Every structure is written in C-alpha cells, then in structure tokens.
There are 2 protein chains.
Amino acid sequence: MAVHSRVEKQIVPVRKKAYEHLKTAILSGRLSPKERLTEEHLAETLGVSRTPVREALYKLEAEGLIRPLKTRGFIVSGDSKEEVKELFELRAILEGYALRIISEKITREGLQHLGTFIDKAQAALEANRMGDVFKWNTRFHDYLHELVSDSIRLYRLIVDMRKQVLRHRKVTLQSIEGAQRTLDGHQKILLALRLKDPELCEKTMREHIKLAKEDALLTLLGEHIA
Amino acid sequence: MAVHSRVEKQIVPVRKKAYEHLKTAILSGRLSPKERLTEEHLAETLGVSRTPVREALYKLEAEGLIRPLKTRGFIVSGDSKEEVKELFELRAILEGYALRIISEKITREGLQHLGTFIDKAQAALEANRMGDVFKWNTRFHDYLHELVSDSIRLYRLIVDMRKQVLRHRKVTLQSIEGAQRTLDGHQKILLALRLKDPELCEKTMREHIKLAKEDALLTLLGEHIA
DNA sequence: TTCACGAGGATTGTATACAATCAGGCCATA
DNA sequence: TATGGCCTGATTGTATACAATCCTCGTGAA
C-alpha cells in the first residue's frame with residue numbers, strides 16, 4: 001500500500017514546544033527586548049512546569065537569543081546596531097567560507113536548481129508577489145546550506161545565525177529595490193559557482209551579505225526614527 | 001584592614017561543577033568516545049541528582065563536545081579525522097576574521113605585548129622548557145582573543161572551538177619542530193599586524209591554523225598506527 | 001532461520017517540593 | 001542626607017517522585 005506506512009508517532013517533548021514557542025515569539029518580535037522573562041511566569045503562561053521551560057531558556061541562551069539579567073531572569077537580546085552588525089558580519093564570514101566549500105563540490109544539477117530558484121524569485125518580483133520572492137530566496141539559501149550539511153558544525157552555526165537575522169531580512173525584502181538587489185546578488189553568486197572559483201565565491205558571498213547588512217541597518221535606523 | 005575584605009562567597013552551582021568536571025574529563029581524554037553517558041549513572045558518580053547533570057549534558061551538547069546517542073544517552077564526540085579537520089578549518093575562518101578586526105584597532109602596546117609573549121616562548125623553547133612554550137603560546141592567543149571580546153558572538157565561538165582542539169595542540173607542541181613552526185607562525189602574525197594590513201592578517205592567520213591542522217592530523221594518524 | 005510482537009528493564013521527561021540565594025526596600029544610626 | 005545592615009518576597013537551584021518512552025531480548029509462529 002503506502003510505501004512507508006510508518007507514521008512515526010512524532011512525540012514532541014514539552015521542552016521543545018516551549019523552546020519553539022519562545023523562539024518564534026522572539027524572532028517575530030512579539031516578545032520585545034523590554035520584558036523580563038522568568039521561569040515561573042513563563043511556565044504559568046505556557047501551562048507547564050518550570051523544568052522544560054528552564055531547559056528551553058538555557059538553549060535559547062546558548063544560541064544568543066536571550067541573555068541572563070544581572071537581576072535574575074532573562075531578556076531577549078536587543079537588536080542594537082552593534083549586535084545586528086556583528087551578526088551579519090559573522091554570517092558573511094561563515095557563509096562566505098561555506099560557498100567556497102560548495103564551489104568545490106557542487107554538481108551540474110545543483111547549479112540548475114539554484115538557477116531555477118532565482119528565476120522563480122525574479123518572476124515573482126515582476127508580478128509583485130513579494131511573499132513568493134521571499135519564499136524563493138529562502139529556498140536559494142536553504143539549498144546552499146544543505147550542500148554543507150556534512151560539515152555539521154558549520155551547518156549548525158549558519159542555520160542558527162540565519163534564523164536570528166530573519167526578522168531583519170523580511171523587512172528588507174519588502175522593498176522592491178531591496179529585493180532586486182538581493183536577486184542580483186544571487187545571480188552573482190551563481191555565476192561565481194559556475195566559474196568554480198573558490199576565491200571569487202567567498203568574496204561574492206561576503207559582499208552579498210554585506211549589502212544585506214547595510215539594508216538591515218538602514219531599516220533599524222528607520223525604525224528608530226519612526 | 002584588608003583593602004578588600006569582601007571575599008565574594010563565590011557560590012558554585014552544582015550544575016557548573018558537573019559541567020566543568022565532565023568538560024575537563026573529555027578534553028583531557030580521560031573520558032573516551034567509547035563510553036556511554038547516562039544521566040543517572042553520571043549523577044551517581046558525581047554524587048548529585050540528575051537535574052544539574054542533565055543541564056550540564058545539554059550544555060556540552062550545544063558546544064558539540066558530546067552528542068546524543070540514538071539509543072539514549074550521550075557519547076563524547078569522536079576525534080575522527082573529519083571532525084578534527086572541520087574544527088580546525090572553522091577556527092581558521094573565525095580567527096582569520098578576528099585578526100582582521102584586530103589589525104584595525106590594536107595599539108602600540110598591544111603589539112608590544114604580543115612581541116613579548118613570542119620572545120618568552122622562543123626563550124623557553126631554546127631552554128627546552130616545553131611546558132613554558134605551551135604557556136606563552138597560549139598567552140599569545142588568549143591576548144588576541146581578548147582583543148575581540150566586544151564582538152561577543154565571535155569571541156564565544158573562538159573560545160569554544162579553541163578549547164575543543166586543546167588536546168590536539170598539546171601533542172603538537174611537544175615536538176621541537178612543531179613548536180618552532182608555531183612560533184614562526186606567530187612571528188608572521190605579529191608582522192602582519194604591524195603592517196596593519198587586514199587582508200594579510202586574515203590570510204596569515206588562516207595559514208597558521210592550517211599548519212596546526214596538518215600537525216594535528218598527522219598526530220591523529222600516528223595514534224592510529226601506534 | 002527469520003520475522004513479529006510483546007514484556008520488562010533501563011532511561012529520560014515532567015512535575016513538584018523544598019532549600020538556597022538574591023535584589024531591593026526599610027530602618028537605624030551617624 | 002548618607003551609610004550600612006537586615007528583613008522579606010521573588011526567583012532560582014537541586015532533589016525526588018512518578019509517568020512516559022524506548023531499547024532489548026525472548027518467545028512463538030511462519
């Protein structure tokens with residue numbers, strides 16, 4: 001019948017649910033850097049005991065999404081200019097290196113996939129479907145990331161950081177010019193990959209992310225003014 | 001009376017003790033990748049309850065020092081050739097970038113300090129006091145790391161990784177040639193810093209760590225044969 | 001033999017209780 | 001007004017109990 005009838009009961013530990021809950025709340029901005037997080041209060045809110053909550057908190061701390069308060073409790077890490085800058089710069093380094101590795105082992109099909117993602121994003125942009133632009137751009141990056149997934153540490157770092165900058169990226173991509181700039185960047189990346197030039201790949205990716213950084217910083221500034 | 005009679009009670013949470021205990025056991029090789037770690041067993045061994053142990057385990061996992069076993073429990077991450085390679089390569093990237101940053105803001109005194117560390121290490125090497133060579137080399141790197149300490153994320157990543165490669169480095173430095181090569185590398189780094197050439201700094205550091213990587217891999221191979 | 005399928009022990013997940021600790025305010029004293 | 005110490009509620013740290021889950025291994029049927 002079904003090729004795989006095993007449905008894999010997929011038990012989700014409370015700890016994980018608490019973690020995801022908090023994470024999305026933070027990344028979406030629903031949880032601002034203003035409010036203090038305490039184990040007990042969160043436990044009550046989520047309707048669970050402190051144990052899983054505290055484990056979720058520790059994990060978030062390890063990822064840098066929240067930080068311990070001197071006065072006990074945590075706050076979500078601010079998106080101060082400095083922090084956003086550092087985040088993007090680290091991404092530039094890590095993803096630049098990743099692209100270097102990728103360039104050495106990507107296949108013809110891989111290149112084709114990437115090309116498709118760009119085309120779809122471009123088409124979406126021209127049709128003014130910004131949601132889809134975002135989607136295909138994300139696919140583009142995700143596909144790249146998968147290509148380094150045997151470098152476990154590198155992969156984990158990249159994925160972590162990427163999640164953290166998500167909120168900034170979303171804003172950037174909402175402007176037409178921003179989106180077009182991003183797409184141009186992706187084209188350049190693809191070209192560098194096609195040329196199989198590791199040096200160029202690293203450089204291109206760094207520049208691509210540097211642009212994203214500047215967009216994000218502008219946005220940040222804008223919010224400040226608004 | 002005493003200038004500072006405050007002794008700072010310095011309470012050390014059990015969790016932290018468990019964490020440190022396990023960490024040193026792992027880094028020193030006392031805990032091999034062979035044995036399985038379970039919460040209960042560890043708790044019993046350390047004479048504490050499972051709660052702090054489990055928190056220590058999660059932290060170690062986040063740092064990549066142990067990994068969950070499919071069959072429940074953890075094992076310490078192997079030092080397979082692939083893993084060591086990746087570790088050093090990541091270090092090369094991150095510390096290379098760090099040196100680039102440092103080159104932009106290091107002061108005259110900073111350069112002098114670094115020079116001193118190298119001299120001391122060189123002297124120790126010539127007197128065949130390998131322990132001291134290790135010590136001064138460590139100082140050299142530690143000092144560099146402190147210079148990036150306002151880039152919190154970068155700093156944390158570097159420190160983490162550095163701890164993980166410690167066991168490999170120790171072996172390398174025991175050989176005279178290995179130590180001399182390391183020192184030469186440090187000289188080059190210092191030179192690059194003096195020239196205030198970010199590009200060169202990054203490149204030099206990468207190469208320095210690449211050499212260390214090759215040493216470590218050789219050692220690893222040797223152990224395999226032995 | 002090989003496979004399916006429980007039984008049972010080992011291990012982890014979560015809740016809860018209690019002890020330890022800390023921040024912040026209050027009061028006494030100067 | 002400033003200083004220092006102590007009290008108290010808030011919060012975290014650790015232990016423990018119990019429930020849930022998973023691995024293993026034996027048993028029996030094909």
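This structure is a prediction, so every number in the text was calculated from the model and none was measured. In what follows, every chain begins at residue 1, and chains take the letters A, B, ... in the order their sequences are listed. Below, each value reflects all heavy atoms present in this structure, side chains not excepted, and no hydrogens, waters or symmetry copies.
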Within-4.5 Å side-chain heavy-atom neighbours: A:Ile189 and A:Leu114: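 No, side chains not in contact.
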Any side-chain heavy-atom pair of A:Val133 and A:Arg129 under 4.5 Å: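 A side-chain contact under 4.5 Å is absent here.
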What is the distance, to the nearest angstrom, from the [atom1] atom on [X] to the [atom2] atom on [N]?
X	N	atom1	atom2	answer
A:Lys17	C:dT14	NZ	P	9 Å
A:Lys16	C:dT12	NZ	C1'	12 Å
B:Arg36	D:dC23	CZ	C1'	9 Å
A:Leu69	C:dC22	CG	P	15 Å
A:Leu37	D:dA10	CG	C1'	16 Å
A:Glu55	D:dT12	CD	C1'	14 Å
A:Arg15	C:dG13	CZ	P	5 Å

Should [X] be listed as having a side-chain N or O under 4.0 Å from OP1 or OP2 of [N]?
X	N	value
A:Arg72	D:dT12	no
A:Thr51	C:dT14	no
A:Arg54	D:dG13	yes
B:Tyr58	C:dG13	yes

Side-chain donor or acceptor of B:Glu86 paired with backbone N/O of A:Arg153 under 3.5 Å: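 Such a contact is found between B:Glu86 side chain and A:Arg153 backbone.
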Donor-acceptor contact below 3.5 Å, side chain A:Lys163 vs main chain A:Leu27: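 It does not hold such a pair.
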From C-beta outward on [X], which listed nucleotide comes closest to its side chain: [options]?
X	options	value
B:Thr38	D:dT14, C:dG24, C:dT12	C:dT12
B:Ser49	C:dT14, D:dT16, D:dG13	D:dT16
A:Glu39	D:dT12, C:dG13, C:dA15	D:dT12
B:Thr71	C:dG13, D:dT24, C:dA23	D:dT24

Contact nearer the 5' end of DNA chain C, comparing A:Lys70 with A:Pro13: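 First, find each residue's nearest nucleotide; the 5'-ward one identifies A:Pro13.
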Closest-nucleotide 5' rank along DNA chain C - winner of A:Val14 and A:Arg50: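 Its nearest nucleotide lies further toward 5', so the answer is A:Val14.
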Ring geometry between A:His141 and A:His186 (parallel below 30°, tilted from 30 to 60°, perpendicular above 60°):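 Ring orientation, 0 to 90° scale: perpendicular.
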